[in-house]
Amino acid sequence: MSQLKVYNSFSRQKEVFKSITPGHVGMYVCGPTVSGESHLGHARPYITFDVVHRYLKHLGYKVRYVRNITDAGHFEEEGREAEDKISKKALLEKLEPMELVQKYTNLFHWAMEQFNTIPPSIEPTATGHIVEQIEMIKQIIEAGYAYEANGSVYFDVKKYAANYDYGKLSGRVIDDLLETTRELEGQEEKKDRADFALWKNAAPEHIMRWQSPWAVGYPGWHIECSAMATKYLGAQFDIHGGGMDLLFPHHESEIAQSTICNHIAPVRYWIHNNMITINGRKMGKSYNNVIKLTELFSGDHPLLEKAFHPMTTRFFILQTHYRSTLDFSNDALVAAEKGLKRLWDAYEKLRVMSYEFREGTLDEELDSKIAKLLNEFEEFMNDDFSTAKVMANMFEIVSTINSMKDKTIPVSAISKETFELLQSSFKTWLEDILGLTSFSEADSTKLQGVMQLLIDIRKEAKTKKDFATSDKIRNQLTELGITLKDEKGGDMSWSIE
RNA sequence: GGUCCUUUGGCCGAGUGGCUAGGCAAAGCUCUGCAAAAGCUUCUACAGCGGUUCGAAUCCGCUAGGGACCUCCA
């Protein structure tokens with residue numbers, strides 16, 4: 001069996017994954033800022049790391065998966081007006097800040113459920129960990145790597161860089177950072193431009209404020225992840241994930257803070273997913289090109305010709321390697337939808353298929369081909385989570401499954417062992433690891449009974465060449481959104497659109 | 001301006017130096033009361049130029065396009 005290799009952003013190469021504590025994995029993923037609705041771009045990391053999570057569990061690890069909720073306002077634009085995102089939005093929507101946070105948290109959870117992601121083991125909120133954050137800031141000040149100015153506290157990047165490697169993760173050269181020519185207002189409190197806030201003094205009009213040793217205010221953005229990751233995963237943990245756009249300054253700063261507090265590099269493997277683009281451009285608030293998840297699911301967006309099922313989105317995302325950009329378009333999603341349907345239909349056929357041995361039908365070439373394709377699943381996944389390749393193999397097998405169903409080739413063209421491996425592998429990989437699930441409402445037993453009745457009637461009508469009746473059944477079902485298909489050998493199958 | 005990434009067939013996308021990824025679309029055929037689905041077949045591409053090599057989509061250089069980060073950002 002091959003070993004799991006992951007691409008570590010820190011070393012910029014694939015490394016064999018070895019957890020700190022054998023049998024256990026600690027994983028932290030940067031969660032959403034719940035000051036607004038999640039969009040398609042946000043879906044990517046959560047689906048990507050859901051598969052990572054599922055795969056680690058499949059490998060037998062006990063995983064503690066921590067994903068935070070950022071519900072404390074950090075700066076909209078550091079230095080400019082020190083605006084509190086959440087307070088600002090709350091005013092607009094005339095909600096209590098916590099009411100707003102709750103609303104978007106609920107919406108986020110709902111979307112994650114739609115995507116069939118497994119909830120994290122711990123989902124800590126920033127507001128619930130103000131004490132821990134203040135403690136951490138105190139430690140950094142005591143260590144001499146932070147200073148107070150007008151009730152705000154800043155991290156001393158220059159000093160840190162003199163003793164540690166600041167900028168390694170994001171490939172930044174510290175001198176360039178220190179000498180940046182960019183003019184930002186309100187920076188006079190900082191000793192240096194590269195310094196970042198740990199605590200921010202907040203004016204009374206800010207609704208979300210907390211008492212602290214320095215001034216009433218709120219924590220800097222980076223400190224929450226350092227504090228919560230340390231609390232729940234320890235000074236050093238295995239995996240830290242997030243979007244590539246968080247590499248700098250967020251994760252770079254996290255490393256600096258945690259290293260000073262805990263005297264050890266916080267993370268063994270940094271894993272970053274690439275962005276979803278739209279017309280080649282990153283989907284993001286700043287570009288005003290986002291498609292919200294609710295819009296995606298309802299089809300209510302100028303760029304969408306129809307609604308797309310969450311499973312289509314999940315499939316679409318997993319069909320690309322997580323470190324490549326993924327370009328969104330209506331057509332690309334339509335293609336994904338059709339592909340997923342084909343794959344899932346084949347899987348459902350496979351599930352109810354049983355092995356019938358027939359002498360002399362074994363096709364050894366096919367048998368070993370199928371076995372090889374199945375065994376490669378793990379190899380591909382171990383190679384930095386190559387879900388796209390796993391799926392490509394599945395599609396290669398789909399043809400064979402369909403042929404068996406159509407009886408073009410006998411089931412015993414492959415050996416019993418291979419057939420059983422095929423059934424179990426598809427279940428494990430499609431459902432448990434890739435996390436795909438049925439996207440139809442066809443699961444109700446009552447509905448299945450009704451459908452069986454209609455199918456029986458239609459079969460009788462067809463036998464009697466009463467095509468008026470048989471067509472009526474099929475056509476009216478079509479109008480209801482249920483497709484009835486005649487199979488080879490007189491059987492019928494149905495699916496809900 | 002700095003740092004880094006990227007450029008694959010009609011579209012989306014995988015690609016670890018030698019072996020047709022895969023999906024969608026398209027065309028033809030088979031099956032079929034009709035339809036739908038399915039199966040089979042066809043479609044061999046790697047931005048351009050140069051280099052390394054027996055051999056390059058894959059390594060190196062240059063040129064051109066696109067993008068990300070440097071500021072909130074998944």
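Computed from a prediction, not measured in an experiment: that's the story for all the values here.
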Discussion item. Taking the P atom in each of A68(B) and C29(B), what is the distance between them to the nearest angstrom?
Written reply: 47 Å
Discussion item. Please pick, from G33(B), A74(B), G15(B), the nucleotide with the shortest atom-to-atom distance to any side-chain atom of H321(A).
Written reply: G15(B)
Worksheet item: To the nearest Å, how far apart are K369(A) NZ and C19(B) P?
Response: 19 Å
Worksheet item: Does the C24(B) base have a donor-acceptor partner in the side chain of D331(A) within less than 3.5 Å?
Response: no
Worksheet item: Would you say a side-chain N or O of R342(A) is under 4.0 Å from OP1 or OP2 of G23(B)?
Response: yes
Worksheet item: Is any side-chain N or O of R474(A) under 3.5 Å from a base N or O of C34(B), one able to act as donor and the other as acceptor?
Response: yes
Worksheet item: For H301(A), which residues count as a side chain to side chain donor-acceptor pair (under 3.5 Å) partner, sequence neighbours excluded?
Response: none
Worksheet item: Angle class for the Y55(A)/W429(A) ring planes (parallel below 30°, perpendicular above 60°, tilted otherwise)?
Response: tilted
Discussion item. Measure CG/N289(A) against P/A74(B) and give the value in whole Å, please.
Written reply: 13 Å
Worksheet item: If you look at every strand shown and take non-hydrogen atoms under 4.0 Å, does S399(A) touch a base, only sugar-phosphate, or nothing?
Response: sugar-phosphate
Practice prompt. Assess whether one donor atom and one acceptor atom, taken from the side chain of S286(A) and the base of C72(B), lie less than 3.5 Å apart.
Written response: yes
Discussion item. If I take atom CG in residue L340(A) and atom P in nucleotide C12(B), what distance separates them, rounded to the nearest angstrom?
Written reply: 20 Å
Item to complete: Among A74(B), A21(B), C34(B), find the nucleotide with the atom closest to the side chain of K462(A).
Response: C34(B)
Practice prompt. Using only side-chain N and O atoms of Y7(A), determine if any of them is under 4.0 Å from OP1 or OP2 of U16(B).
Written response: no
Discussion item. Can you tell me how the ring of Y166(A) sits relative to the ring of Y160(A), calling it parallel under 30°, perpendicular over 60° and tilted otherwise?
Written reply: perpendicular
Practice prompt. Flag this pair as yes if the NZ/CZ of R342(A) is under 6.0 angstrom from the six-membered ring centre of F395(A) and inside a 45 degree cone about the axis; otherwise no.
Written response: no
Worksheet item: If we take the C1' atom in both A25(B) and C43(B), what is their distance in whole Å?
Response: 11 Å
Fill in: Closest to the M283(A) side chain, choosing from G39(B), A74(B), C69(B)
A74(B)
Worksheet item: Phosphate oxygens OP1/OP2 of A14(B): is one of them under 4.0 Å from a side-chain N or O of S324(A)?
Response: yes
Worksheet item: Rounded to the nearest Å, what distance is computed from the OH atom of residue Y322(A) to the P atom of nucleotide A14(B)?
Response: 13 Å
Worksheet entry | Proximal nucleotide (of A14(B), A68(B), G33(B)) relative to the R281(A) side chain | A68(B)
Discussion item. Using whole Å, what does the distance between atom P of nucleotide G13(B) and atom CZ of R44(A) come to?
Written reply: 9 Å
Worksheet entry | Minimum-distance nucleotide to A335(A) side chain [options: C69(B), G33(B), C24(B)] | C24(B)
Fill in: Parallel, tilted or perpendicular: ring planes of F426(A) versus F377(A), cut at 30 and 60 degrees
tilted
Practice prompt. Tell me what F380(A) touches on the nucleic acid: a base, only sugar-phosphate, or nothing, going by heavy atoms under 4.0 Å.
Written response: nothing
Worksheet item: Just to confirm, is there a sub-4.0 Å distance from OP1 or OP2 of C34(B) to any side-chain nitrogen or oxygen of R458(A)?
Response: no
Worksheet item: For atom C1', what is the distance between C31(B) and A38(B), given to the nearest Å?
Response: 9 Å
Fill in: Along RNA chain B (nearest heavy atom to each residue), the more 5'-positioned of T400(A) and K389(A)
K389(A)
Worksheet item: Are any of R323(A)'s side-chain N or O atoms less than 4.0 Å away from OP1 or OP2 of C5(B)?
Response: no
Worksheet item: Can you tell me the Watson-Crick or wobble partner of U16(B), both distances under 3.5 angstrom?
Response: none
Fill in: Parallel, tilted or perpendicular: rings of H39(A) and H42(A) (30°, 60°)
tilted
Practice prompt. Return the nearest nucleotide to the side chain of P249(A); candidates are G23(B), G33(B), C70(B).
Written response: C70(B)
Discussion item. Below the 4.0 Å mark, does A74(B) have OP1 or OP2 next to a side-chain nitrogen or oxygen of N273(A)?
Written reply: no
Worksheet item: Nearest of A74(B), C24(B), C34(B) to any side-chain atom of K282(A)?
Response: A74(B)
Response to the item:
Here the distance between atom P of C70(B) and atom CZ of F248(A), to the nearest Å, is 8 Å
Worksheet item: Does K341(A) make a side-chain N or O approach to OP1 or OP2 of C24(B) shorter than 4.0 Å?
Response: no
Worksheet item: Hey, does D486(A) reach any base, or is it just sugar-phosphate, or nothing, if we go heavy atoms under 4.0 Å?
Response: base
Worksheet item: How is L484(A) classified with respect to the nucleic acid when contacts are heavy atoms under 4.0 Å: base, sugar-phosphate, or nothing?
Response: base
Item to complete: Could you work out which one of C70(B), G23(B), A74(B) sits closest to the side chain of Y46(A)?
Response: A74(B)
Worksheet item: Does K338(A) place a side-chain N or O at less than 4.0 Å from the phosphate oxygens OP1/OP2 of A25(B)?
Response: yes
Practice prompt. Give the rounded distance in Å between these two atoms: CD1 of I401(A) and P of A37(B).
Written response: 19 Å
Worksheet item: Is a donor-acceptor contact shorter than 3.5 angstrom present between the side chain of D471(A) and the base of G33(B)?
Response: yes
Worksheet item: Given the C1' atoms of U63(B) and G23(B), what is the spacing between them in whole Å?
Response: 34 Å
Worksheet item: Looking at the side chain of S403(A), which of A74(B), G39(B), G22(B) is the nearest nucleotide?
Response: G39(B)
Worksheet item: Looking across every strand, which nucleic acid part, if any, lies under 4.0 Å from E337(A) by heavy atom: base, sugar-phosphate, or nothing?
Response: nothing
Worksheet item: For the side chain of Q423(A) and the backbone of M353(A), is there at least one donor-acceptor N/O pair under 3.5 Å apart?
Response: yes
Discussion item. Stacking between G23(B) and F395(A), yes or no? Criterion: centroid separation under 5.5 angstrom, plane angle under 30 degrees.
Written reply: no
Item to complete: May I ask you to decide if the ring planes of F196(A) and H222(A) are parallel, tilted or perpendicular, using 30° and 60° as cut-offs?
Response: perpendicular
Worksheet item: When the distance from NE2 of H251(A) to C1' of C69(B) is rounded to whole Å, what number comes out?
Response: 14 Å
Discussion item. Does the plane of the ring in Y46(A) sit parallel, tilted or perpendicular to the ring in F108(A)? Use 30° and 60° as the thresholds.
Written reply: perpendicular
Worksheet item: So what does L247(A) hit on the nucleic acid, given a heavy-atom distance under 4.0 Å: a base, only sugar-phosphate, or nothing?
Response: nothing
Worksheet item: For A68(B), what is the paired nucleotide under Watson-Crick or G-U wobble rules, both distances under 3.5 Å?
Response: U3(B)
